[in-house]
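Note: hydrogens, waters and symmetry copies are ignored here, and every other heavy atom, side chains too, is used. Predicted, not measured: the structure shown is a model, and the values here were computed from it.
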Amino acid sequence: MYYLLFYEVVDDYVERRRAFRDEHLGLAREAKERGELVLAGAYANPPDGAALVFRADDDSVVRDFVAHDPYVREGLVKRWVIRQWTVVIGDQ
């Protein structure tokens with residue numbers, strides 16, 4: 001199954017993320033290497049959020065990512081949502 005993780009971030013996210021970016025990207029790379037994280041990236045123009053695509057048996061993988069993400073822990077993410085996603089067209 002696929003899951004989408006949406007982040008809504010604080011206004012000064014771009015400036016504040018520098019201190020936590022390496023840890024955040026390390027967490028994402030580890031999830032990618034395990035085959036859990038498929039795609040991830042921040043929104044552009046305006047940089048007010050991010051979207052991550054996970055592939056897992058259930059949403060616990062995504063919840064674990066959120067629980068360990070320094071962006072969430074340090075208050076850069078003001079709201080997050082996990083949605084199960086049914087892929088109709090594309091490589092599965």
Side-chain angles (χ1 to χ4, degrees):
M1 290 187 279
Y2 287 91
Y3 294 90
L4 301 173
L5 172 59
F6 297 104
Y7 279 172
E8 182 181 338
V9 298
V10 295
D11 291 338
D12 58 350
Y13 158 77
V14 173
E15 294 79 25
R16 289 180 56 197
R17 73 177 176 184
R18 287 186 204 123
F20 313 105
R21 190 167 170 81
D22 287 343
E23 183 183 353
H24 169 78
L25 293 177
L27 184 69
R29 286 186 189 103
E30 290 170 4
K32 173 74 171 155
E33 289 170 7
R34 289 190 302 271
E36 299 164 351
L37 183 60
V38 179
L39 294 169
Y43 303 156
N45 301 320
D48 59 355
L52 299 88
V53 179
F54 289 83
R55 187 172 187 179
D57 292 333
D58 58 58
D59 72 353
S60 65
V61 167
V62 186
R63 291 185 181 283
D64 187 62
F65 182 91
V66 171
H68 291 93
D69 190 349
Y71 288 0
V72 175
R73 180 186 70 228
E74 300 297 332
L76 279 70
V77 175
K78 59 184 175 181
R79 182 174 182 275
W80 56 269
V81 175
I82 298 170
R83 296 291 309 265
Q84 188 173 350
W85 188 36
T86 303
V87 176
V88 178
I89 297 173
D91 294 334
Q92 297 183 41

Atom [atom1] of residue position [X] - does it have more than 12 heavy atoms of other residues, nucleotides or ligands inside 6.0 Å?
X: Arg79; atom1: CZ; result: no
X: Asp57; atom1: CG; result: no
X: Arg83; atom1: CZ; result: no

What about [X] and [Y], same hydrophobic cluster or not, with Ile/Leu/Val/Met/Phe/Trp/Tyr joined at side-chain heavy-atom distances under 4.5 Å?
X: Val87; Y: Val53; answer: yes
X: Leu37; Y: Tyr2; answer: no
X: Tyr43; Y: Val14; answer: no
X: Val72; Y: Leu27; answer: yes
X: Val10; Y: Val66; answer: yes

Query raised in the report: Any side-chain heavy atom of Glu23 sitting closer than 4.5 Å to one from Arg73?
Result: yes
To the nearest 0.5 Å, what is the distance between [atom1] ([X]) and [atom2] ([Y])?
X: Leu25; Y: Arg17; atom1: CG; atom2: CZ; answer: 8.5 Å
X: Trp85; Y: Arg55; atom1: CH2; atom2: CZ; answer: 11.5 Å
X: Glu30; Y: Glu36; atom1: CD; atom2: CD; answer: 10.0 Å

Query raised in the report: Going by the salt bridge (charged side-chain N to carboxylate O under 4.0 Å, His left out) test, which pairs reach into residues 4-16, not counting sequence neighbours?
Result: Glu8-Lys78, Asp12-Arg16
Query raised in the report: Which heavy atom in Tyr13 sits nearest to a heavy atom in Ala42, and how many Å separate them?
Result: OH-CB, 4.2 Å
Query raised in the report: Of the non-hydrogen atoms in Val62 and Tyr3, which two are nearest, and what is the gap between them?
Result: CG2-CB, 3.8 Å
Report task. Give a yes or no on whether the ring-centroid distance for Tyr71 and Tyr7 is below 6.0 angstrom. Result -> no
Requested in this report: Say whether, by atom type as modelled, one donor and one acceptor occur between the side chain of His68 and the main chain of Asp64 under 3.5 angstrom.
Outcome: yes
Query - Test log, rule side-chain contact (heavy atoms from CB on, under 4.5 Å), inputs Leu76 and Val9 - result: CA-CA 6 Å; Leu76 279 70; Val9 298; 5.5 Å; no
Query raised in the report: When Phe54 is tested against each of Ile82, Val61, Leu4 for side-chain contact (heavy atoms from CB on, under 4.5 Å), which residue passes?
Result: Val61
